[in-house]
K.L.:
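Pasting a structure below so you can have a look.
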There are 2 protein chains.
Amino acid sequence: MAGEKRTTSRAGRPRDPAKHEAIVHSALHTFLERGFNAATIEHIAARAGVSKVTIYNRFTDKETLFEQVVKEQTDHFAAAMMDDSISRGDLAARLDAFGCSLLHFLFASDHVALDRMLPQELAHHPQMAQRFFDAGPGQCRSRLAEMLEQARSDRQIDFEDSLQAAEDLMALWKGFADVELKFGVRQRLSDEELDAKVRHGTRIFLRAYGV
Amino acid sequence: MAGEKRTTSRAGRPRDPAKHEAIVHSALHTFLERGFNAATIEHIAARAGVSKVTIYNRFTDKETLFEQVVKEQTDHFAAAMMDDSISRGDLAARLDAFGCSLLHFLFASDHVALDRMLPQELAHHPQMAQRFFDAGPGQCRSRLAEMLEQARSDRQIDFEDSLQAAEDLMALWKGFADVELKFGVRQRLSDEELDAKVRHGTRIFLRAYGV
DNA sequence: TATTTAATGAACGTCAACGTTTAGTTTTTC
DNA sequence: GAAAAACTAAACGTTGACGTTCATTAAATA
């Protein structure tokens, strides 16, 4: 019912592992561009350079394919959040580094498209939505909160609720750009703009939370 | 091609104005729940207590109906942003009032659903997206920026860029709750939670921007 | 009353997409 | 070489939704 099946070598032609990747990749981008309903299996197959039947042999149906795509993106999201961002420099520098890597991820056009598509499509799949949130935004907030607690125990900043502080900082970093990107009012941020946003957010945050 | 037609009284049975409202209302909620593709005209008609043909007589096709719905929501959004929020009390109180009315609007379940659906459906309608952004988020930011400039000229706060400051404040107010609502991880905020969020945001903002 | 327009329900034509079947080809193991 | 499984292309059946047509009834004006 899910994805892979074979583990030990058996008789017969083995599955081409490249096809799995091609299908999921093609499906992801087609879902991103069109949403679940408007994305057709035929289009996904053609884009992946694969027969339609191959998709149905590996994934039961369109719904299952979508779930697999979301699952892999969830893992990818989780991995991106785990990417240890720098623990060098003073607090401001470490926060800037965290913010930069976060915004580079969030503002990448793939992620913007994902952020347009997922909430709508997951609206009636609460479990998948919860998993995705936990792996992505939730985990990101936790990691930032840990970093801030560390800084508090070093007496560099002060607050009562570390999760609250982390939310504030992330909100300051994102600002309005996420909304502008989501509606397509703004296309992309240059590295300079992005860095400037992060530094601004960090500065405001430290001004409010610094001891 | 659009909506209304008649203005002076003519021969024949007049259109029932209640039906227009019923159709648009039904269409709005059906689009919110299911998105453009999964929302069927038959369902919208049934929900509005109206014949399918009546919809096709008033709106050319599904696309036109959708555009009309978005247009009316855009107007509604613009009106909500214009709702003059209190100009009494000290700065913190005025900002709190602004933030409260904003969050009440943003966190209402209707708006959350709209915010899930619209970005995806407008992804390939840049003009509608721009109009909606200008009428909603854009106008909100402008009004808040004006309020902040006023406070700056009263030497209560200081900043270089009023739009930037407005973005910061709005971001602090929203925090993470918008994401949690969008993914359905959190259901709704009580009035107390909402007030607390606003006061927290305002406090952090003033701590960073106060003279 | 005659005319004109709105509205309805039911039936219809059309089309696009899902998912299946079939026959045949390729690639592997035994 | 035989058996087994993956893969493909093409055709097919089915369904669901769009949008239309038609006959009929309702509500207005002249």
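All heavy atoms count here, side chains included; hydrogens, waters and symmetry mates do not. Letters A, B, ... are given to chains in the order of the sequence lines, protein chains preceding strands, and every chain is numbered from 1.
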K.L.:
Detail all sub-3.5 Å separations between protein N/O atoms and N/O atoms belonging to nucleotides 26-30 of chain D.
P.N.:
from, atom 1, to, atom 2, distance (Å)
D:dA26, N3, B:Arg13, NH1, 3.4

K.L.:
Begin with the C-alpha distance, continue with both residues' side-chain angles, and end with the deciding distance and a verdict on ring-ring contact (aromatic ring centres under 6.0 Å, His included) for A:His20 and A:Phe59.
P.N.:
CA-CA 10 Å; A:His20 178 93; A:Phe59 308 87; 5.7 Å; yes

K.L.:
Would B:His124 and A:Arg34 count as having a side-chain donor-acceptor pair, cut-off 3.5 Å?
P.N.:
no

K.L.:
For D:dT8, does either OP1 or OP2 sit under 4.0 Å from a side-chain N or O belonging to A:Lys19?
P.N.:
yes

K.L.:
Figure out the CD1/P separation between B:Ile44 and D:dG19, and round it to whole Å.
P.N.:
11 Å

K.L.:
Walk me through it: do B:Glu193 and B:Arg186 pass the test salt bridge (Lys or Arg N to Asp or Glu O under 4.0 Å)?
P.N.:
CA-CA 12 Å; B:Glu193 287 174 307; B:Arg186 169 180 253 182; 3.8 Å; yes

K.L.:
Can B:Lys71 and B:Asp75 be counted as an ion pair, charged N to O under 4.0 angstrom?
P.N.:
yes

K.L.:
Should B:Glu180 and A:Arg141 count as an ion pair when the cut-off is N to O under 4.0 Å?
P.N.:
yes

K.L.:
Nearest whole Å is fine: how far is C:dT8 C1' from B:Asp16 CG?
P.N.:
13 Å

K.L.:
Find the distance B:Arg34:CZ to D:dG16:C1' and express it as a whole number of Å.
P.N.:
13 Å

K.L.:
For B:Thr54 and B:Asn57, does a side-chain donor sit closer than 3.5 Å to a side-chain acceptor?
P.N.:
no

K.L.:
So does B:Arg58 get a side-chain nitrogen or oxygen closer than 4.0 Å to the phosphate oxygens (OP1/OP2) of C:dA6?
P.N.:
no

K.L.:
Whole angstroms only, please: what is the CD1-C1' distance between A:Ile55 and D:dA6?
P.N.:
14 Å

K.L.:
Can you tell whether the side chains of B:Lys62 and B:Glu67 come within less than 4.0 Å, N to carboxylate O?
P.N.:
no

K.L.:
What's the separation between atom CD1 in A:Ile23 and atom OG in A:Ser51, rounded to the nearest 0.5 Å?
P.N.:
9.0 Å

K.L.:
What nitrogen or oxygen pairs link the protein and nucleotides 18-20 of chain C at under 3.5 Å?
P.N.:
from, atom 1, to, atom 2, distance (Å)
C:dC18, OP1, A:Ile41, N, 3.3
C:dC18, OP1, A:Lys62, NZ, 3.2
C:dC18, OP2, A:Ile41, N, 3.1
C:dG19, OP2, A:Tyr56, OH, 3.2
C:dG19, OP2, A:Lys62, N, 3.2
C:dG19, N7, A:Lys52, NZ, 3.2
C:dG19, O6, A:Lys52, NZ, 2.7

